[in-house]
Amino acid sequence: MDATLRTTLCDLLGIDYPIIQSGMGRVAGPDLAAEVSRAGGLGILAGLHLAPDALRAQIRRVRELTDRPFGVNLWLHTEIRPPVDAARIPEATVRAVHGALNRFRARLGIPEAWGRPERLPDLVDAAFEVILEERVPVWSIGLGDPGPGMVRRCHERGIKVIAMVATVEDARTVARSGVDAIVAQGSEAGGHRSTWVKPRSRDGASVGLAALVPEIVDAVGVPVIAAGGIVDGRGMVAALALGAEGVLLGTRFVATRESMAPEFWKRALLERTSDATTVTDAFTGLYARALRNTFAGEYEASGAPVLPGLLQAGAAQDIYAEAVRRGDGEYFPMLAGQSAGLIHDLPGAGDVVRRIVAEARDVLTHLARRVREGR
Ligand SMILES: Cc1cc2nc3c(=O)[nH]c(=O)nc-3n(C[C@H](O)[C@H](O)[C@H](O)COP(=O)(O)O)c2cc1C
């Protein structure tokens, strides 16, 4: 093991390298999480959308594949815990949303729809109980503050808690709740902005990683993990230089063999450059960074309203399913960060971890030589 890359985070989480794979919804299953953990990083299962029995089965599957530490990710956003009641959305809003979506349906050859999306199942609290019962080593939180009560229940069972934030105010809040480590999510990051109340515009909670990480490091007393735009050893060393104790990667792991993302999404990541992403709420109702495509562009241009968190995704579910059936990325939320331009291959997830470690060692050696030799 390479001692130069060990940080306090490794001791805290019981891992060899401070490299964490994001628990990405519908992308990170047992194969991906176990492969990352086997390579010495921390793999995280996506708990969002999973009913308690399915989550328990996935946790047990990870344990069949590896005896290394791993995590489970849940969202705690105020619009999904509890889910917004779809019955309270005005009929005119539902019709305006479908008015925009029906243009896509016509092109994809699927029937028009005008119905109200169903209320989402209320899964978060049941999933949390499964995490406690199964004594999962790490609970990872996106889009939420667990509060001291949930953190205490984890700590009573030896479960470590890490929470992801996009502002220094939110970092202070989750630190007060007692979390063990904080993920600082820079605006480069793929996926949803990690806030628990939707910002008023896409510019809200949108601070670049180079400014956000040191600001949060200076504000809290727990280890900080950098997330957003990191795919290789260069990014990892830069994050450590900013004061982070580790890195969390999402987009890089979408483009791996073990990721459950459809092939057209993985291929798109190989082809696109760093300016190919946009931040939009058109896909799910909450702001997320994704590859720019026909759906995002035309939905926004239509001026149609957007339903609350995840109900928007519920309303468009038939379109996304048809896009997957056709292998058509133009009508599917291909969540991705600005690191898309740095992804050129589809390796195994364990190879990603090993490669980052080797590259980071090379960068450190090179930097030390430059300083020593004064050039
Ligand atoms: C496809 C995708 C899905 C994601 N899903 C989740 C999720 O379910 N929960 C979560 O906490 N973060 C999620 N994220 C955000 C990541 O945790 C992280 O902030 C981000 O991936 C880091 O930036 P990067 O994509 O440039 O590596 C997701 C990111 C991507 C790209």
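Each ligand, and each atom within it, is numbered from 1 in the order the structure gives.
- Between S206 and V279 the shortest side-chain heavy-atom distance does not fall below 4.5 Å.
- Side-chain atoms of T173 and D145 include no donor-acceptor pair closer than 3.5 Å.
- Sorted by chain and number, the heavy-atom contacts of ligand 1 below 4.0 Å come from S22, G23, M24, G25, N73, W75, G142, M164, Q185, A189, G190, G191, A227, G228, G229, L248, L249, G250, T251, V254, W265, L335, S339.
- Here the side chains of E35 and D31 are not in contact, with every heavy-atom distance at 4.5 Å or above.
- Taking T280 as the reference, E300 meet the side-chain hydrogen bond (donor to acceptor under 3.5 Å, both in side chains) condition, with sequence neighbours excluded.
- Sorted by first and then second residue, the ring-ring contact (aromatic ring centres under 6.0 Å, His included) pairs involving residues 76-134 (not counting sequence neighbours) are F104-F295, F104-Y331, F128-W139.
- With sequence neighbours excluded, no residue forms a side-chain hydrogen bond (donor to acceptor under 3.5 Å, both in side chains) with R103.
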